[in-house]
Amino acid sequence: MKRAFDLLLAALAGIPLLIPVLLVGILVRLTSRGPILYWSDRVGRDNKIFKMPKFRSMQVGTPAVATHLLSDPDRYLTPIGSFLRKSSLDELPQLWSIIKGDMSFVGPRPALFNQHDLIELRTSSGVHKLLPGLTGWAQINGRDELPIPQKVALDIEYLQNKSLFLDTKIIFLTGLKVLRRDNVTH
């Protein structure tokens, strides 16, 4: 049921998002050198690594670590990188990962391959069995500002209560958070 919901929502979202996707791609190309998309190694269901696309918001050569671990993240941003991140437009290419089946619309955000503390906590609590999501319970309850143990606690809460109703609620609340640009640090 969840897979059918993801595919239906991706098809419905894909058409109206086509023009913004093209415009953002052109803007990325015009404002910085390098590829339009950044393919990040992420941890998926059962801790399998997959390639997750994002519009490139950081300069080519930026270390592949979580943004909060960079000493001065702002110096790595492209001219439109901050806008892409704060508006969440950098996430649009992840529709491809949803269609492909590597991600869902709702689930725990996929960890970077080198976020060992997050991966270990999720694995020990069974969260690694979930398909990662474009958004999730932790994202609407703090997003970038949450420490890892609190993120995992919210992921566990989602695992224990997941339903179509909860997924719909999370998608709706995500839309509100994105419009307000809540809890985005970079």
Kindly indicate whether the side chain of [X], heavy atoms from C-beta on, has any atom under 4.5 Å from the side chain of [Y].
X	Y	answer
His128	Asp46	yes
Asp74	Tyr76	no
Gln139	Lys177	no
Pro110	Phe50	yes
Ile170	Phe105	no
Phe55	Leu92	yes
Gln94	Trp96	no
Leu112	Asp41	no

Using the salt bridge (Lys or Arg N to Asp or Glu O under 4.0 Å) rule, collect all pairs that involve residues 147-157, keeping only residues at least two apart or in two chains.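 Every pair satisfying salt bridge (Lys or Arg N to Asp or Glu O under 4.0 Å) with a residue in residues 147-157: Arg122-Asp155.
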Sorted by first residue and then second, give each salt bridge (Lys or Arg N to Asp or Glu O under 4.0 Å) pair with at least one member in residues 99-118; sequence neighbours left out.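 As it turns out, the salt bridge (Lys or Arg N to Asp or Glu O under 4.0 Å) pairs with a partner in residues 99-118, which skip direct neighbours, are Glu91-Arg109, Lys100-Asp102.
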What heavy-atom pair brings [X] and [Y] nearest, and what distance separates the two atoms?
X	Y	answer
Val178	Ser88	CG2-OG, 3.8 Å
Gly101	Leu131	O-CD1, 3.6 Å
Leu146	Gly142	CG-CA, 3.7 Å
Met103	Leu134	CE-N, 3.6 Å
Pro149	Leu121	CA-CD1, 4.3 Å
Ala138	Leu154	CA-CD1, 3.8 Å

Is it true that, when you exclude Gln59 itself, more than 12 heavy atoms of the residues, nucleotides or ligands shown sit nearer than 6.0 Å to its CD?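 Counting neighbours around CD of Gln59, more than 12 heavy atoms of other residues, nucleotides or ligands fall under 6.0 Å, so yes.
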Could you walk me through whether Lys162 and Leu130 pass side chain to side chain contact (heavy atoms under 4.5 Å, CB included), step by step? CA-CA 10 Å; Lys162 63 185 167 100; Leu130 294 171; 3.8 Å; yes
Co-members of the apolar cluster containing Tyr38 [side chain, <4.5 Å]: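 Its cluster partners, ordered by chain and number, are none at all.
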Quick one: name the residues clustered hydrophobically with Ile49, using the 4.5 Å side-chain heavy-atom rule over I, L, V, M, F, W, Y, and just say none if it's on its own.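 Traced through the cluster, Ile49 reaches Val43, Phe113, Ile119.
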Holding to side-chain hydrogen bond (donor to acceptor under 3.5 Å, both in side chains), I want the full list of residues that pass it with [X], two or more places apart in sequence or in another chain.
X	value
Thr62	none
Ser97	none
Asp167	Lys2, Tyr158
Asn114	none

Does anything in residues 12-25 pair up under side-chain hydrogen bond (donor to acceptor under 3.5 Å, both in side chains), and if so which pairs, sequence neighbours excluded?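 Not a single pair qualifies under side-chain hydrogen bond (donor to acceptor under 3.5 Å, both in side chains).
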Qualifying side-chain hydrogen bond (donor to acceptor under 3.5 Å, both in side chains) pairs, either residue in residues 7-19, two or more places apart: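 Those involving residues 7-19 do not exist here.
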Please evaluate residues Asn47 and Thr123 with respect to the criterion side-chain hydrogen bond (donor to acceptor under 3.5 Å, both in side chains), reporting the C-alpha separation (whole Å), side-chain torsions for both, the decisive distance (0.1 Å), and the verdict. CA-CA 8 Å; Asn47 293 333; Thr123 302; 2.8 Å; yes
The criterion is side chain to side chain contact (heavy atoms under 4.5 Å, CB included); which residues satisfy it with Ser71, sequence neighbours excluded?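 Partners of Ser71 by the side chain to side chain contact (heavy atoms under 4.5 Å, CB included) criterion come out as none, since no residue qualifies.
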Can you tell me how far apart OG (Ser82) and CG (Leu77) are? Round to the nearest 0.5 Å.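 With rounding to 0.5 Å, OG (Ser82) is 6.0 Å from CG (Leu77).
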Are the side chain of Arg42 and the backbone of Ala111 linked by a donor-acceptor contact shorter than 3.5 Å?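 Answer holds: no.
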Taking only distance into account, with no hydrogens and no angle test, what donor-acceptor pairs under 3.5 Å do side-chain atoms of residues 7-36 form with protein atoms, sequence neighbours excluded?
residue: Arg29; atom: NH1; partner: Gly34; partner atom: O; Å: 2.8
residue: Thr31; atom: OG1; partner: Leu27; partner atom: O; Å: 2.8
residue: Ser32; atom: OG; partner: Val28; partner atom: O; Å: 3.4
residue: Ser32; atom: OG; partner: Arg56; partner atom: NH1; Å: 3.2
residue: Ser32; atom: OG; partner: Arg56; partner atom: NH2; Å: 2.9

